[in-house]
Number of protein chains: 2
Amino acid sequence: MDGDMNIRSRQILEAIIEDYICTAEPIGSSAIRSSHGISLSTATIRNVMADLEEMGFLASPHTSAGRIPTDKAYRFYVDSLLAVKSVERSEREEIRRRCTVDGRDVDGVFREISHMLSSVSHYMGIVAAPRFNANFFRQIDFIRLGSRRILAILISQSGSVQNRIIEPQEDISTDMLVKMANYLNALLQGLTISEVKRRILEEMQSEKIRYDNMLASALKLSEQAFDENSSGLFIEGQANIFAQPEFADAQRMKELFRAMEQKNQLLALLDGCLKAPGVNIFIGSESHLNNMSGMSLITSTYISGKNTLGVLGVIGPTRMGYAKVIPIVDYTAKMLTRILTVE
Amino acid sequence: MDGDMNIRSRQILEAIIEDYICTAEPIGSSAIRSSHGISLSTATIRNVMADLEEMGFLASPHTSAGRIPTDKAYRFYVDSLLAVKSVERSEREEIRRRCTVDGRDVDGVFREISHMLSSVSHYMGIVAAPRFNANFFRQIDFIRLGSRRILAILISQSGSVQNRIIEPQEDISTDMLVKMANYLNALLQGLTISEVKRRILEEMQSEKIRYDNMLASALKLSEQAFDENSSGLFIEGQANIFAQPEFADAQRMKELFRAMEQKNQLLALLDGCLKAPGVNIFIGSESHLNNMSGMSLITSTYISGKNTLGVLGVIGPTRMGYAKVIPIVDYTAKMLTRILTVE
DNA sequence: AATTAGCACTCCAAACGGCTGAGTGCTAAC
DNA sequence: GTTAGCACTCAGCCGTTTGGAGTGCTAATT
């Protein structure tokens, strides 16, 4: 807590963290001296380590094991010690190569990038697709699938496509559907999706609607169509995480998978990142997610023009190669920003 | 092999399989006598077990353990011994409740059913969405996203929506795109998607096209748009499988997850099921999938009108509650058939 | 001839105990 | 302030023991 973090303490803390990131095993006083060029006796190092433990940066699994870094240590590390590397040439090429859109479908772009993040980082990749809500309305279409079943297709300015199956109370003819779509397309042009929702509600209140059956059902249909429901969260490379020694035990693994199934919680966290542009790092409990102790999350935002569209990142153990992964996430976000910005 | 499967042998084999399905532990001769009302001495049972082992129905992990059923035993069990239960009332209600389409998107329907299959069966749920290819063409739309980026939206008769981002060589105006779409919609009406592809190629050969730039680019665009790429395979409930004792060990788990990432192989297998309507069961190595030893797959086909649209099912350990899961899969397939059949 | 009781045998799994070595904290010397 | 020295701790490994579950074989029984 106090300013007693002299240079030597820092050096030693850094050495412990970096060794631990490599080996995943508790680090002892002698390991430090041999690996990094620190010319102090093991006794002195032990003294420093005891101080660091008291300050909450280190913990020991049991008396005769070495020390392992705490979340607080990682936090200090990324804030003060970390020298971020630049992305390696080969990785940069892979990222560039796999960040393409031609011939893919919209979801496919995000899924592929999530996949790529996982294989380049060797952890899990995560991409939150743009919130449909934050987008501008472009077009709505209705297609009659059956006597009382309609497919609504919604397209946003940025090209996200959503569809909804709607089962109205009574049958609506194809002609009528076309008219409805025309009416709505005119009405909603240029609004954001959240404005669209408000507008639909306003319009439904209005007097003239009450006397026009067609308009009323059009609005009702569209109201259902704009009901948000799909998550748009792509998590890939879960099998990667098996390679990490901390998950050799099946219990931990199970917890982690349960956590990944709670997509809503994750999504809420990522939504929070939208307001903080650039790279964000959540270490261990900082994410306030259940079953995510021992895991860290590195995110960055991607942008199109002036709009922050979404968030992507990497999930791995707190013992993560921050120096390598941070620039990967950063670079990928920039690439995605670039391919989403046309003209 | 030979017909030496008298009633007693069958009874004992059945007892072993059913006990093993419950406990996941090798079954000894005494366990059989106590559990099922078989009034024979353990010695006699041991003799029968030795015969069954010789015939390839049982295996013993080591001399002083009990016996476990082989794949062949499970196969015999489902073919000859199994008394399929009916679906429990509460389960039937859950299936019914979660098989709805109103308000969902098309993928959402299949994803939800996959999820439901996993939570009702306690294994993994799997749903292959209808192959776009096997569908009838309904409509194509082009939307200009940017100077050299177009969003193509394809809709099939059954309501599947696909989209593709296409980056053509040169810019195409919005007006032009509308014309192209009109031309293609007229040209391709009433064809299946696979016929569509052939038709596009034929048309591109034709003389008149060579002199009409617009038509030529329209065809080129649509050719790209109909390039199949999305898998449409929904696997849910992977965390469920952790509860199974055979996956307590992380190594097995890892293999299984690698297998699940090979979606193409799975998809090929499911495609094969399209030709065999109704319930299909693959036990252990019968699926011929890598890393799927020890796993079984129960599938059924779902239908709309006369067309077999797709396949759904449950993946679990070979030691699976077949008597319970088979009717669940069957019932779910029928429910999905029902909700896909409108009018 | 089929069934069963009896028995010797096998082998895994859990428990036990001793040993080792890595690592620590403390104290006294430098 | 730093370091050498030392006693102490404790997880992990290894070899041994023990117990029990289960088998296969043989001889007695029905």
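All values below were derived from every heavy atom in this structure, side-chain atoms included, with hydrogens, water molecules and symmetry-related copies excluded. None of the values given here were measured: they were computed from a predicted structure. Residue numbers start from 1 in every chain, and the chains themselves are labelled A, B, ... in the order their sequence lines are given, proteins ahead of strands.
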### Task
Not counting sequence neighbours, list each pair that qualifies as a side-chain hydrogen bond (donor to acceptor under 3.5 Å, both in side chains) and has a residue in residues 253-268 of chain B.
none
#### Entry: Between dA2(C) (P) and Ile7(B) (CD1): distance, integer Å
17 Å
### Task
Would you check, one step at a time, whether the test ring-ring contact (aromatic ring centres under 6.0 Å, His included) holds for Tyr20(A) with Tyr74(A)?
CA-CA 11 Å; Tyr20(A) 187 69; Tyr74(A) 288 116; 7.1 Å; no
### Message
Looking only at side-chain N and O atoms, does Ser86(B) offer a donor or acceptor that is under 3.5 Å from a partner on Tyr331(B)?
### Response
no
### Task
Verify the contact: side-chain N or O of Thr44(B) to OP1 or OP2 of dT4(C), cut-off strictly under 4.0 Å; return yes or no.
yes
Side-chain donor-acceptor pairs under 3.5 Å in residues 77-84 of chain B, sequence neighbours left out?
| residue | atom | partner | partner atom | Å |
| --- | --- | --- | --- | --- |
| Tyr77(B) | OH | Glu18(B) | OE2 | 3.0 |
| Asp79(B) | OD1 | Arg75(B) | NH1 | 3.2 |

### Query
Do Phe242(B) and Phe257(A) have ring centroids that are under 6.0 Å from one another?
yes
### Whole angstrom value for the distance that separates C1' of dA4(D) from CZ of Arg33(A)
11 Å
Each nucleotide N or O in nucleotides 23-25 of chain C that has a protein N or O under 3.5 Å away: list the pair and distance.
| residue | atom | partner | partner atom | Å |
| --- | --- | --- | --- | --- |
| dG23(C) | O4' | Ser64(A) | O | 3.3 |
| dG23(C) | O3' | Ala65(A) | O | 3.4 |
| dT24(C) | OP1 | Arg67(A) | NH1 | 3.4 |
| dT24(C) | OP2 | Ser29(A) | N | 3.3 |
| dT24(C) | OP2 | Ser29(A) | OG | 2.8 |
| dG25(C) | OP1 | Arg67(A) | NH2 | 3.0 |
| dG25(C) | N7 | Arg46(A) | NE | 3.1 |
| dG25(C) | O6 | Arg46(A) | NH2 | 3.1 |

#### Entry: Between C1' of dT2(D) and CG of Asp51(A), the distance in whole Å
14 Å
### Task
Take atom CG of Leu40(B) and atom P of dT30(D), then tell me their distance rounded to the nearest Å.
17 Å
### Query
Going through the checks in order, is the ring-ring contact (aromatic ring centres under 6.0 Å, His included) test met by Phe76(B) and Phe57(B)?
CA-CA 9 Å; Phe76(B) 184 73; Phe57(B) 290 107; 5.5 Å; yes
### Query
Just how far, in rounded Å, is P of dA22(C) from NE2 of His62(A)?
13 Å
